[in-house]
Amino acid sequence: MSDSLKVALLGCGTVGSAVLRLLSEQADDLAARVGRRVEVAGVAVRRPDRHAGVPAELLTTDAEALVTRDDVDLVVEVIGGIEPARTLLLAAIGAGKSVVSANKALLAEDGVALHAAAADAGVDLYYEAAVAGAIPLLRPLRESLAGDQLRRVVGIVNGTTNYILSRMAETGAGFGEALAEATEAGYAEADPTADVDGFDAAAKAAILASLAFHSPVRSSDVYREGIAAVSASDVARAAEIGCTVKLLAICERVAGEDGDTIAVRVHPAMIPTTHPLAAVGGAFNAVFVEADAAGELMFYGQGAGGEPTASAVLGDLVAVARNRLTGAAGPGTTGYAGLSVRPMAETPTRYHVSLDVADVPGVLATVAQEFAAHGVSIATVRQDGHGDAATLVIVTHRAPDAALATTVARLREMDAVRGVTSVLRVEGLS
Ligand SMILES: NC(=O)c1ccc[n+]([C@@H]2O[C@H](COP(=O)([O-])OP(=O)(O)OC[C@H]3O[C@@H](n4cnc5c(N)ncnc54)[C@H](O)[C@@H]3O)[C@@H](O)[C@H]2O)c1
Ligand SMILES: N[C@@H](CCO)C(=O)O
Ligand code: NA
């Protein structure tokens, strides 16, 4: 075999160290699969003294110099965050290197500019690890499903919050208690904000929607609610109607009078326990894709962790290495459809609402009237108990989200309603 392909690794934390180890352990297999040996030219880190296991001659604190070095062919970015990752990737691309990244925050913020730069330079930009870790999902969307029309991509794309919600369902614990457990088990980070408040899932939803609908979508376009407000009561109410609560990332094409738009949102929702996503427990991820010709597809696996994420990074590395040898460029992203993102207020959703009411004649009619007044059609209503402790459990049909939210706000003000005990959107009910 002739000269090896040289890789610059940027960042050597949880994912970077696993990438480095697998590159070494699987060097012979990778060489056979690529057709050339793949060797590490350098590893950019912040604190070289903290990486005793990495050969000292590979370590550098000057990432910018490393990515533009003449002997570097490919760059793997596993630093995370917007800067300096963006500057480094643009410098690498500008210097003609193909790049692999696991950085959802950056891709969801600046994917359009990075793709444009890669197209101009004739190099590859791959980022399978950025969404749902080890699960092959972005390449299936970019390549395998490129001949189909996608209708919906719905998934559990954050392991930490799925672990927390799973524990709440299993033990009846509240959010705080389950979060403490997730932290102790090493799933939640010291600062769990990005996971718990849905920022991580929103970045992934933006990337999924961009690829699924060939339209540029950024994190800031994604409607986002986290799980901090999900209560033990919400989880118990869900169980009563045969549902479970999941934090969903939902990307869907919505037909409208002025043409199609896309709705992209992240929020907790009740889904029937019979839905394939309901069985996804612990820190696992799963994504359900609906396409016109393919029908329904399900992708399931480990969405986080050093090794699973490194698996996706190495898969990308093999792909870009092969392209480099053949002189080909992999698929770019196409924003040709240019579909606009529909405001959440106008996005059709369904609600579950549990109300404590006084069981007096006419209360059901008064409550039903409030829904009707906002054009919201009720799918099912159930009354439990009587006297002062009556509960109404209502599931609506789809209506614009703003109509549902306004209805709930009005219900809270009604004399007949003693309290609104649970409000959650519902997905996956026929
Ligand atoms: N950990 C996971 O399970 C997982 C899963 C999927 C995707 N990702 C993504 O992978 C990337 C890396 O995640 P991680 O968990 O390995 O993070 P990490 O914090 O463990 O590692 C990042 C490393 O980059 C280093 N770094 C920061 N600035 C640097 C700079 N200027 N030059 C060189 N090194 C620098 C840090 O010191 C740290 O060691 C992120 O984009 C993350 O979103 C992580
Ligand atoms: N914090 C993320 C890591 C993977 O992106 C999660 O919990 O899923
Ligand atoms: Na993936």
Side-chain angles (χ1 to χ4, degrees), residues 8-20 42-51 54 59-67 75-89 100-109 126-142 155-165 182-183 185-204 207-208 211 226-227 247 249 280 282-287 299-316:
L9 180 64
L10 311 182
C12 195
T14 305
V15 179
S17 55
V19 167
L20 201 56
V43 182
V45 298
R46 264 200 309 216
R47 298 277 309 269
D49 54 310
R50 296 205 178 155
H51 300 275
V54 182
L59 290 171
T60 175
T61 52
D62 192 347
E64 196 142 359
L66 177 62
V67 297
V75 171
V76 172
E77 183 272 309
V78 279
I79 291 174
I82 305 299
E83 286 295 353
R86 169 171 45 200
T87 302
L88 291 170
L89 285 188
V100 173
S101 173
N103 192 334
K104 60 224 139 190
L106 178 58
L107 266 300
E109 170 82 18
Y126 277 53
Y127 43 94
E128 182 60 72
V131 183
I135 306 172
L137 179 61
L138 303 191
R139 276 205 270 156
L141 291 178
R142 282 168 90 173
I156 294 166
V157 293
N158 183 268
T160 306
T161 47
N162 200 54
Y163 178 87
I164 292 170
L165 292 172
T183 309
Y187 290 110
E189 295 186 25
D191 177 4
T193 313
D195 294 320
V196 163
D197 290 346
F199 291 101
D200 175 81
K204 292 164 175 170
I207 294 171
L208 289 173
L211 295 179
I227 63 163
L247 182 70
V280 178
F284 277 83
N285 283 191
V287 178
F299 299 81
Y300 171 82
Q302 297 195 65
E307 287 226 343
T309 309
S311 165
V313 170
L314 282 196
D316 279 355

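Start at 1 and go down the list; that is how both ligands and their atoms are numbered. Computed from heavy atoms alone, side chains included, the values below leave out hydrogens, waters and symmetry copies.
Note that the CZ atom of F284 and the CD1 atom of I135 stand 9.0 Å from one another [nearest 0.5 Å].
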Residues L88, L66; criterion side-chain contact (heavy atoms from CB on, under 4.5 Å); working and verdict:
CA-CA 9 Å; L88 291 170; L66 177 62; over 6 Å; no
Under the side-chain contact (heavy atoms from CB on, under 4.5 Å) criterion, do I207 and Y127 qualify, and how do the steps go?
CA-CA 10 Å; I207 294 171; Y127 43 94; 3.8 Å; yes
Check against side chain to side chain donor-acceptor pair (under 3.5 Å), D62 and T60:
CA-CA 5 Å; D62 192 347; T60 175; 5.7 Å; no
So N285 and L137, side-chain contact (heavy atoms from CB on, under 4.5 Å) or not? Walk me through it.
CA-CA 11 Å; N285 283 191; L137 179 61; over 6 Å; no
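Protein residues with a heavy atom closer than 4.0 Å to ligand 2 are K104, N158, G159, T160, D195, D200, K204, G303, A304, listed by chain and number.
Scored by the side-chain contact (heavy atoms from CB on, under 4.5 Å) test, P192 finds L179, A188, V196 as partners (sequence neighbours excluded).
At least one donor-acceptor pair under 3.5 Å links the side chain of N103 to the backbone N or O of G81.
Side-chain contact between E64 and T87 is present, with at least one heavy-atom pair separated by less than 4.5 Å.
Taking each heavy atom of A182 and I164 in turn, the nearest pair found is CB-CG1, 3.7 Å.
Listed by chain and residue number, the protein N/O/S atoms under 3.0 Å of the Na ion (ligand 3) are E128 O, E128 OE2, V131 O, G133 O, I135 O, with waters left out.
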Does ligand 1 have any N/O pairs with the protein under 3.5 Å, and how far apart?
unit_1	atom_1	unit_2	atom_2	d
ligand 1	3 (O)	G305	N	2.7
ligand 1	16 (O)	T14	N	3.2
ligand 1	16 (O)	V15	N	2.8
ligand 1	20 (O)	T14	N	2.9
ligand 1	20 (O)	T14	OG1	3.1
ligand 1	43 (O)	K104	NZ	3.2

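Screening I79, V43, V19 for a side chain to side chain contact (heavy atoms under 4.5 Å, CB included) with C12, the sole residue that qualifies is V43.
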